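Below, read A as the first sequence line, B as the second, and so on, with proteins coming before strands; counting in each chain starts at 1. Values in this document were obtained by computation on a predicted structure and should not be read as measured data.
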Amino acid sequence: MLSRLVFVSGTHLFNLFLVQASRGLHTSSQCLAPMPPMPEHGGKVRHGIFPEELFQLLYPKTGVTECSNITFSLFYMLGTGLLVYLLSKEIYVINHETYAGLAMLSVIVYGVKKFGPQVAAYADQLNDEKLAKAQVVKDLTLNSMTESIENEKKEQWRTEGRSLLFDAKRNNVAMLLETNYRERLHMVTNEVKRRLDYHVALQNLKRRMEQEHMINWVEMSVVSTISPQPEKESITKCISDLKALAKTSQAKATV
Amino acid sequence: MALNFFDQFMTPIYMGIPLITLATLMPRLTFLQPTSQWTTSRFSTLQSQLLNSSTYQLFAPLSPKSHHWALLIVSLMIFLITINLLGLLPYTFTPTTQLSFNMAFALPAWLATVIIGLRTQPTHAFAHLLPESTPPLLIPILIIIETISLLIRPLALGVRLTANLTAGHLLIQLISTAMFTMIHTIPLMAMLTGTLLLLLSILEIAVAMIQAYVFVLLLSLYLQENM
């Protein structure tokens, strides 16, 4: 029960159940963490099964040349001796199973030799795909980071010009205010002029009406004083005047 | 040298330890433990790829409820494949040649699927006993036949695996004995027999893998029927 809690606390509930854990976290130096790096290639083997180190045992003593590798190498000597011993003393008995084993062994060796590289390439391809996916994520993140850095720099450059922006805006606002003021002034002037015009027109109208009225009154009174007799006299006088004038003008015209 | 060909299927108890137990537990050593490395070795990658692809293959047509069986079924498959393949080597013992061993896997699993089907959807489970659109005259006979076929399934599962592997091992023994006997008298015939033995070995490797897969595939089909 306690061990289960320790396991649980070790994975993702970090300190939640630590009260009941039988050992704390991070009390000793970590082993196998970080993971030691995996070797690039597997250990070298000869004949598919025997590691290469076995063949190197007596190289400092015996030296290595092309034929001495087979004849004097410890491994081959010991191996051959062992095999011959097992066979001759019938410790390894040759019976029907030997042939069955030989047949199976040849099938296995053929399979490994023929399909080995393909299978290895497939395994490598699986691993490479996994790496490529992670690489894509990493590249995307890096790219987005670089882009955001550039955007930040651009924003910083933009802020340098903000005083120009503010001046322009201030000018704008001042112009707007000025325009507005002038408009209102204009409006006020117009209104005042209208009212004054009204008063002037009113006065003009009044004088004209008075004049007309006076003229009418004078005409009326004059017409009323004219009796028929002075009217006839005035008309004959006018006619005689006109005749005299006509004569003088005729005389001027002939002259 | 074996006295008869069936000594290879003996299950002796040596010094108090039944050797079949060892033969059953040893194949587990050929699997790799899951590592905490992110980029794994080739063997580990291939093993995980095999497990994932076989799990997907087996469980794609099944309903999500039956995915609880994934661990059981895929681990059974890997177990059987490893045991079968290791038994092809000379002087090894294959536990799956014992009928009791295979029935111990087939019967409980089949019974579990039937009980699940009868508990959760009894009508649907009983409906499997009668195929669609059968002529009415045949219905009674067909129900009896289908019931028999249902009840014989665990026997079929176990015996299929046992018989295939036993037959294969026996054949290998027989042909290699023939080759061994003839190689001093008629070497040419021995060589022909040797060729036959090679082909048989290829067949046996295939059969070992296919039989394990078929066992597990049929179990998943029974599960699909009932869940």
Please state whether the side chain, the backbone, both or neither of L105(A) comes within less than 4.5 Å of a heavy atom of chain B. neither

Portion of Y110(A) that has a non-hydrogen atom of chain B nearer than 4.5 angstrom: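 Looking at Y110(A), nothing touches chain B.
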
Sort [X] into side chain, backbone, both or neither according to what part of it lies under 4.5 angstrom from a heavy atom of chain A.
X: I205(B); value: side chain
X: L200(B); value: neither
X: T40(B); value: both

Under 3.5 Å, is there a donor on one side chain and an acceptor on the other for Q125(A) and E129(A)?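 Yes, because at least one side-chain N or O of Q125(A) sits under 3.5 Å from a partner of the opposite role on E129(A).
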
Just checking Y91(B): does its OH atom have more than 12 heavy atoms from other residues, nucleotides or ligands closer to it than 6.0 angstrom? yes

I'd like to know if [X] and [Y] make a salt bridge, using a cut-off of under 4.0 Å between side-chain N and carboxylate O.
X: K153(A); Y: E150(A); value: no
X: R195(A); Y: E191(A); value: yes
X: D197(A); Y: R194(A); value: no

Tell me, out of N127(A), V107(A), L131(A), who's got the most heavy-atom pairs with chain B below 4.5 Å. N127(A)

Sub-3.5 Å donor-acceptor pair from the side chain of N84(B) to the main-chain atoms of A208(B), do we have one? yes

Among the options I172(B), L88(B), I175(B), pick out the one with the most heavy-atom pairs lying under 4.5 Å from chain A. L88(B)

